[in-house]
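Chain letters run A, B, ... following the sequence lines, proteins first, then strands; residues in each count from 1.
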Amino acid sequence: MSLRRQYPFHLIEPKWQRHWDTHQTFRAWNPGELIPAAHPFGLRHGLGGQEPGADALPPKYYILDMFPYPSGAGLHVGHPEGYTATDILARYQRARGFNVLHPIGWDAFGLPAEQYAIRTGQHPRKTTETNVATFKRQIKSLGFSYDWTREVDTTDPGYFRWTQWIFLELYNAWFNPATRRAEPIHTLRYPPEIQSENDRRTYRDTRRLAFVSEAPVNWCPELGTVLANEEVIDGKSEIGGFPVIRKPMRQWMLRITAYAERLLEDLSAIEWSHSLKEMQRNWIGRSEGAEVTFSIAGAAHQLTVFTTRPDTLFGATYMVLAPEHKLVELITTADQRQAVEQYRQLAATKSDLERTELAKDKTGVWTGAYAINPVNQKQIPIWVADYVLASYGTGAIMAVPGHDARDLEFARKFQLPVVQVVQPLGAADWQGFVDDGIAVHSASAEVSLDGLPTADAKRTITEWLQQTGRGRRTINYKLRDWLFSRQRYWGEPFPIVWREGHHKALPASALPVCPPDLTDFKPTASGEPPLARAKDWVALPDGAVRETNTMPQWAGSCWYYLRYLDSTNAKAFTSPEAERYWMGTAAATGSTPGIDLYVGGTEHAVLHLLYARFWHKVLFDLGHVSTPEPFFKLVNQGLILGEDGQKMSKARGNVINPDEIVRDYGADALRLYEMFMGPLEMVKPWSTKGVEGVYRFLGRVWRLFIDEASEAELEQALTTAPPEQQIDMLQRARPSATIQVTEPTGAQLKALHACTKKVTEDLDGMRFNTAISTLMIFVNEAMTWAMKPLAVLREFLVLLQPFAPHLAEELWQRLAAGADAPARGAGVALAYQPWPKWDPSLLVEDWLEIPVQVNGKLRDKIVVKATATPQELEALALQAEKVQPFLQGKTIKKVIVLPGKLVNIVV
RNA sequence: GCGCGCGUGGUGGAAUGGCAGACACGCCAGACUUAGGAUCUGGUCCCGCAAGGGGUGGAGGUUCAAGUCCUCUCGCGCGCACCA
């Protein structure tokens, strides 16, 4: 701390935080709720003492933060960045008359609490409670205008009961390809050949949106759990960075792939950043191409491959199967069996990391078998190689080494033939040419592509394949179904029981299914999930056993924004009325469909944000929510780096603790600084000097309003007063005598209205940094006024309030208490004061300074009446003193005159 | 390798195609002070005493006018990455 205390923020901030808490100032009102007569929202909208329906309430504005995982480390300065941005906008929209929903909660299931429990034996519930308490204290110390009555905690049985309920909705639904929608499972029709109840059960169970699969999954031995594709980065676990291997296991999956196309299409209807949409598009990974079926020489089997380049079919000189491909064992010849088996086993034990990052060198073995190319009946060898992934396409490819870099590398290593079938348009070498060109050497007795540009060749060959029954046009996605079960303790148990090897959903009335109490949270020695230790819990009286896997952390965050709408509802995840009002369509409410603004970090680009969209679409299809997309507009805040420009980390010792900033400079200063650093979305380094800068600004605001002598008295009195009396002593700081009820001068009005205009426009564009600089400019000017009109300063406080709410409220109360004028809404909380309007006519200048350029270079400035005609401007510009030397001996070719802006003389 | 984004003073950053550097940090000078790490005032892109010249990663282009638009190029950041 190197500055003196600029103003008594240490008293002001707790005072207003307590005031907002006890008055529930920021409570958001649902349709039909009784609004107390004295609540500022009721006073503002004339609804006090009433129970207005959705029609009588003002339009809604739903502004959401990504709720935090309450880690043991406490809040870091990245959290307040997004939270301050949304809080400023929440306060702004409240002032503009919206019914604002601005909630917060805790995403509290998760691995760290469980691992801490394994180390120390402390129950994760206890750890979670402690961490939530810390986060809550820290967040409250920043003065955010959350509606705390709607706080949610994903680990609360009253909450996860509905997470389990939504899982049942998924379980009891299937995706109807004809309607492209989820429908209740009872609408599923069985093909005539499926008759027995057992077959029907299997048919049903393999079509549910939540289903059991026995497929190779990402298994992390270190964490003792499986992970979703999205949780594996470069072959390592996202949490902890431990190796991940592929292992076949029986797991719960969610059928997100059914929604691939809609998840992709609907991106165009929402306002997200370009890069974020691009990340989701990449993850979904749609690619158009064809499936081609090859027969196998001397065998009845067929081999289907996916290719985006069916036009290169004539160039296929060999085939490759993924090591896991089922056909491998069926077609491998006796001679090759040993080599193939060895290769497959080696591939199975390799981690993903070893198969990708570390092993760029291609490996593989020949199966001994041949495929027959359908276009020309040529026999080409079938290989097994791990550069082909079992999980993409059909797990097999036709290799065209002439026009694919990977196939070329493989062909060169194993001396397989390379042939040309595409002629580059330019002078490029054809070997390894992968772009579009002209088809060559692509003709047989049955079909010819020669001379066709790539696009036409694709179309021609695909039609031919389709007509001859050897293939078809198809679309492939990289997106995989969502692996939804984990071998953990600290997560939602599945509402599922098993009997005789079949799973069965519990009825909704059996919810919540609470996890049993345990003292040992490790997986069992046999590798079963920790819940299996609770034998009494697992075994049910009727002989059934409970599912012992739990849901992943993402489950709770998939729908929390819906629970906020009606967070204590015990009968439904939310009431339909509340859902319609807050999430409803534009036509019904006059506001945005879905959540108006969602702010959070970019780390959830393909995890939470994809999963939540998926769940929302299922709920939409099943009639539970009104919109197909939850998050209409989304903004990612940029990372805050340490003062050294490096990512903040304990190891580097460059972590800034928000508690210390609040202690030394106050919450308003922290809020203001984080917004003043630069554009919200940008990555930017922390600067404590910068905090001091905005802190000094807040001090100037204080001194603009407060009498200096009285403040000195206050400071003096505080040195001896006991802490509990100090807050009341704030009253001793009296408004400055220079604040008077006077008619503002033109210059004063102009300063206010210019400030109002710019701040308003900047808030609409989320340009918080320039909004704050505008407030600074106003204060710098107002400091020079000998007489400060009360009305002007009051309006300024309404503008300041979203940014520095504690200080603004304190000063507002001070001016209202003065009783020296009929205050604008005296006694009504500043937070609900109407946002000021600006009068454009006040901003018009009588005289303007106009730059005069010669050939685009600034040479002089002329002062003219704002009403000057272009002719007058041109004449004055040509006479301007400093312009003369540049016109000497030249012919004026042209004069560009922009009235009110600029004159450019071209010579 | 592919995709996306970004390059502006000593620093964070401002600039609907129209005066480059708002606002702030830092620094310099001054005022008030016993003092200043408080506050206030002034200055602060570079070269130059000045007149003037140069300047938004680099090279071209479009335009009366380019930080802004186009092409190429270099550098940085983020994402994806054997996806057929």
Side-chain angles (χ1 to χ4, degrees), chain A residues 1-6 233-234 273-283 285-287 289 305-309 312 320 322 355-357 359-360 362 385-389 391-400 403-407 409-410 434 476-480 602-603 605-606 636 638-639 645 673 676-679 681-694 696-697 699-700 703 708 758 767 769-777 780 783-784 849-861 882 885 893-898 901-907:
Chain A
M1 233 348 241
S2 54
L3 289 177
R4 72 149 195 171
R5 185 153 63 227
Q6 294 272 327
I233 317 280
D234 292 340
S273 76
H274 185 77
S275 70
L276 193 63
K277 284 186 182 184
E278 209 51 39
M279 276 192 238
Q280 290 222 340
R281 285 195 192 105
N282 277 339
W283 193 262
R286 181 186 200 273
S287 62
V305 301
F306 171 72
T307 177
T308 55
R309 292 297 299 271
T312 62
V320 186
R355 277 180 66 163
T356 57
E357 287 297 293
K360 286 291 180 195
K362 299 264 183 297
D386 67 1
Y387 83 92
V388 170
L389 308 176
S391 55
Y392 183 76
T394 62
I397 62 159
M398 62 177 211
V400 184
H403 305 288
D404 182 282
R406 299 150 300 182
D407 296 345
E409 191 193 333
F410 191 84
V434 298
N476 234 296
Y477 300 93
K478 282 203 289 184
L479 186 68
R480 305 265 63 92
T602 185
E603 67 273 18
V606 288
N636 289 124
L639 203 64
Y673 172 64
F676 188 60
M677 292 171 88
E681 284 131 296
M682 197 173 275
V683 177
K684 38 208 179 287
W686 180 268
S687 158
T688 299
K689 284 284 181 197
V691 184
E692 291 178 6
V694 296
R696 274 199 283 262
F697 162 70
R700 280 204 300 283
R703 292 192 295 278
E708 240 180 287
K758 183 82 165 81
R767 292 180 295 267
N769 54 334
T770 50
I772 292 166
S773 80
T774 304
L775 294 170
M776 288 173 169
I777 291 167
N780 288 346
M783 290 291 272
T784 67
E849 194 185 56
I850 303 291
V852 180
Q853 300 178 335
V854 179
N855 290 339
K857 281 191 193 291
L858 177 70
R859 293 304 177 188
D860 204 351
K861 291 176 182 181
K882 290 185 183 162
K893 290 186 189 141
K894 193 173 176 185
V895 181
I896 313 276
V897 180
L898 278 90
K901 287 266 188 189
L902 155 145
V903 179
N904 188 13
I905 302 163
V906 186
V907 296

[N] and [M]: how far apart are their [atom1] atoms, nearest whole angstrom?
N      : M      : atom1 : answer
B/rC6  : B/rG18 : C1'   : 25 Å
B/rC70 : B/rA24 : P     : 34 Å
B/rG60 : B/rG9  : C1'   : 26 Å
B/rA14 : B/rC27 : P     : 23 Å
B/rU56 : B/rG75 : C1'   : 16 Å

> In which ranges does RNA chain B form stems of 3 or more consecutive Watson-Crick or G-U pairs, distances under 3.5 Å?
Replying inline: B:1-7 with B:74-80, B:10-12 with B:23-25, B:26-31 with B:39-44, B:45-47 with B:52-54, B:57-61 with B:69-73

Any N/O pairs under 3.5 Å between the protein and nucleotides 50-55 of chain B? List them or say none.
unit_1	atom_1	unit_2	atom_2	d
B/rG53	OP1	A/R859	NH1	3.4
B/rG53	OP2	A/R859	NH1	2.9

> Does the side chain of A/Q6 get closer than 4.0 angstrom to OP1 or OP2 of B/rU39 through an N or O atom?
Replying inline: yes

> For every nucleotide of nucleotides 8-32 of chain B, 5' to 3': is a protein heavy atom under 4.0 Å from its base (B), only from its sugar-phosphate (S), or from neither (-)?
Replying inline: ----BSS-B-BB--BBSSS------

>> Can you list everything that forms a ring pair (Phe, Tyr, Trp, His ring centres under 6.0 Å) with A/F306? Sequence neighbours excluded, please.
In response: none

> Considering residues at least two apart in sequence or located in another chain, which fulfil the salt bridge (Lys or Arg N to Asp or Glu O under 4.0 Å) criterion with A/R767?
Replying inline: A/D762

Which residues pass the side chain to side chain contact (heavy atoms under 4.5 Å, CB included) test with [X], sequence neighbours left out?
X      : value
A/K882 : A/D860
A/K857 : A/R859
A/L775 : A/F697, A/C755, A/V759, A/F796, A/L799, A/L800, A/F803

With sequence neighbours excluded, residues passing side chain to side chain donor-acceptor pair (under 3.5 Å) with [X]:
X      : answer
A/N636 : none
A/N855 : none
A/D407 : A/Y387
A/K478 : none

> Does A/K893 get its side chain close enough to the base of B/rC64, under 3.5 Å, for a donor-acceptor pair?
Replying inline: no

